[in-house]
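Below is one structure, written out as structure tokens; comments come after it.
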Amino acid sequence: MATTKELSVEDKLRALYDLQIIDTRIDEIRNVRGELPLEVEDLEDEVAGLTTRLEKLQSDLGTIEEQIKTKKNAIDDHQVAIKKYTQQQESVRNNREFNSLTKEVEFQELEIQLAEKQIKEMKASIEHKKEVISNSKEKLEQKSTHLKHKKSELSDIMSETQKEESFLTQKSAEFEALIEERLLAAYKRIRSSVRNGLAVVSIERGASAGSFFTIPPQTQVEIAARKKIITDEHSGRILVDASLADEERDKMEKLFAKM
């Protein structure tokens, strides 16, 4: 294989056009997948987010239930205290002691009322969280099913195209190696700036492919001579003559047939 320095302008043009054919074919394969990989990624993020939320809700539920148990135990303790203070009132020696015990009983009763109020609020919170958990589980199930279908769809497409894409990616790298760094950088820059990714196009009916701007006859002669790299003044694309393009397309079709 000739080194980059030994390539003539015509060889460079052929290598560029071959690279364009290969990269266009890779683009077509990836277009078949479309937004599917991103859809799968977004769904995976949603499923992960819903799963994390469910786990937190379940954990919160457990925490609240433990808090209710604690409050119920506290109520039992307050009731024991009330019984103790009430019994003590029966053997007091004066009003001061009786009033002091009465205040203790009242305090314990207030603590019970507060605990019962908090238990009621926590039970309402549990019911709300259970409803949220139920809705979240339903949503998670829907998203998981949707993700499964999308993954299956992507897997089918990948299995059909992976071998071809790997082959083409390898060939793309091989042809890039033939092209000098400056020219390859220009190719990639043009390719990234145009909507269809076509950085190298042929002359068709006196204009660059896909363009309505006519190329002057003298420029067409220079392009056909293949002595220098010429770009379209309107689009910036690198231009090749139709004969070279036809020859390279035939050559690349034979290469693709080996896949």
Side-chain angles (χ1 to χ4, degrees), residues 26-89 99-166 168-169 191-193 195-197:
I26 293 173
D27 290 344
E28 289 169 355
I29 290 172
R30 290 175 179 169
N31 286 338
V32 170
R33 293 200 290 267
E35 298 296 318
L36 201 51
L38 288 176
E39 286 181 47
V40 168
E41 189 176 326
D42 287 344
L43 280 168
E44 285 176 335
D45 289 343
E46 283 190 70
V47 167
L50 283 168
T51 301
T52 300
R53 187 183 183 209
L54 261 175
E55 289 172 353
K56 186 178 185 306
L57 285 166
Q58 297 279 18
S59 175
D60 290 346
L61 209 57
T63 300
I64 294 172
E65 286 170 348
E66 284 300 317
Q67 288 173 342
I68 288 175
K69 286 181 183 177
T70 301
K71 291 295 177 183
K72 284 182 176 180
N73 289 335
I75 288 173
D76 290 340
D77 292 340
H78 293 312
Q79 288 172 339
V80 169
I82 288 172
K83 187 177 180 180
K84 182 185 72 173
Y85 294 136
T86 302
Q87 288 175 344
Q88 287 177 356
Q89 281 179 324
N99 290 336
S100 176
L101 289 169
T102 299
K103 286 181 181 179
E104 285 293 343
V105 170
E106 289 173 352
F107 174 75
Q108 298 299 325
E109 287 173 343
L110 286 172
E111 286 294 305
I112 288 173
Q113 289 175 17
L114 177 60
E116 287 175 341
K117 180 174 179 290
Q118 290 172 333
I119 287 172
K120 186 178 179 181
E121 290 172 351
M122 285 188 280
K123 283 183 176 180
S125 177
I126 283 176
E127 290 307 310
H128 172 69
K129 284 188 183 294
K130 281 181 176 179
E131 186 179 345
V132 174
I133 286 171
S134 177
N135 292 335
S136 297
K137 279 182 176 178
E138 186 179 343
K139 190 174 182 180
L140 177 59
E141 187 177 341
Q142 290 173 350
K143 291 291 182 182
S144 296
T145 301
H146 192 37
L147 174 59
K148 183 180 177 182
H149 291 323
K150 286 293 181 181
K151 275 187 169 181
S152 177
E153 187 180 342
L154 180 59
S155 178
D156 288 343
I157 293 173
M158 290 295 289
S159 64
E160 292 172 5
T161 60
Q162 190 65 54
K163 182 181 176 183
E164 183 179 1
E165 186 177 355
S166 296
L168 292 170
T169 302
R191 194 167 133 72
S192 65
S193 66
R195 185 175 55 83
N196 56 11

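Hydrogens, waters and symmetry mates are skipped; everything else that's a heavy atom, side chains included, is used.
Formation of a donor-acceptor pair under 3.5 Å by the Ser134 side chain with backbone atoms of Lys130 is not found in this model. In this structure, the side chain of Ser59 does not engage the main chain of Glu55 through any donor-acceptor pair within 3.5 Å.
Atom CG in Asp156 sits 10.0 Å away from atom CG in Leu36 (nearest 0.5 Å). How far CD1 of Ile126 is from CG of Asp60: 11.0 Å, rounded to the nearest 0.5 Å. With values rounded to the nearest 0.5 angstrom, Leu101 atom CG is found 11.5 Å from Gln87 atom CD. Note: Lys71 NZ to Lys123 NZ = 14.0 Å, rounded to the nearest 0.5 Å. A distance of 6.5 Å separates CD1 in Ile82 from CD in Gln79, rounded to the nearest 0.5 Å. Separation of atoms OG (Ser136) and CD (Glu131) is listed at 10.5 Å; rounding is to 0.5 Å.
Salt bridge present: Asp27 and Arg191 bring a charged side-chain N and a carboxylate O closer than 4.0 Å. Ion pair Lys69/Glu66 flagged as a salt bridge, since at least one NZ, NE, NH1 or NH2 atom sits closer than 4.0 Å to an Asp/Glu carboxylate oxygen. Ion pairing of Glu165 with Arg33 is present here, as a side-chain N (NZ or NE/NH1/NH2) and a carboxylate O approach within less than 4.0 Å. Salt-bridge annotation for Lys117 and Glu121: present, with a side-chain N of the basic residue lying under 4.0 Å from a carboxylate O of the acidic one. Look at Glu44 and Lys151 and you find a salt bridge, because one of the NZ, NE, NH1 or NH2 atoms lies within 4.0 Å of a carboxylate O, short of that distance.
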- Output, in order, the C-alpha distance, side-chain angles, deciding distance and verdict of side-chain contact (heavy atoms from CB on, under 4.5 Å) for Gln58 and Leu61. CA-CA 5 Å; Gln58 297 279 18; Leu61 209 57; 4.2 Å; yes

- So Val132 and Arg53, side-chain contact (heavy atoms from CB on, under 4.5 Å) or not? Walk me through it. CA-CA 10 Å; Val132 174; Arg53 187 183 183 209; 3.6 Å; yes

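Heavy atoms from other residues, nucleotides or ligands lying under 6.0 Å from CD of Glu141 number 12 at most.
Gln67 pairs with exactly one of Gln118, Lys72, Met122 by the side chain to side chain contact (heavy atoms under 4.5 Å, CB included) rule, that one being Met122.
When all heavy atoms of Leu154 and Val40 are compared, the pair lying nearest together is CD2-CG2, 4.0 Å.
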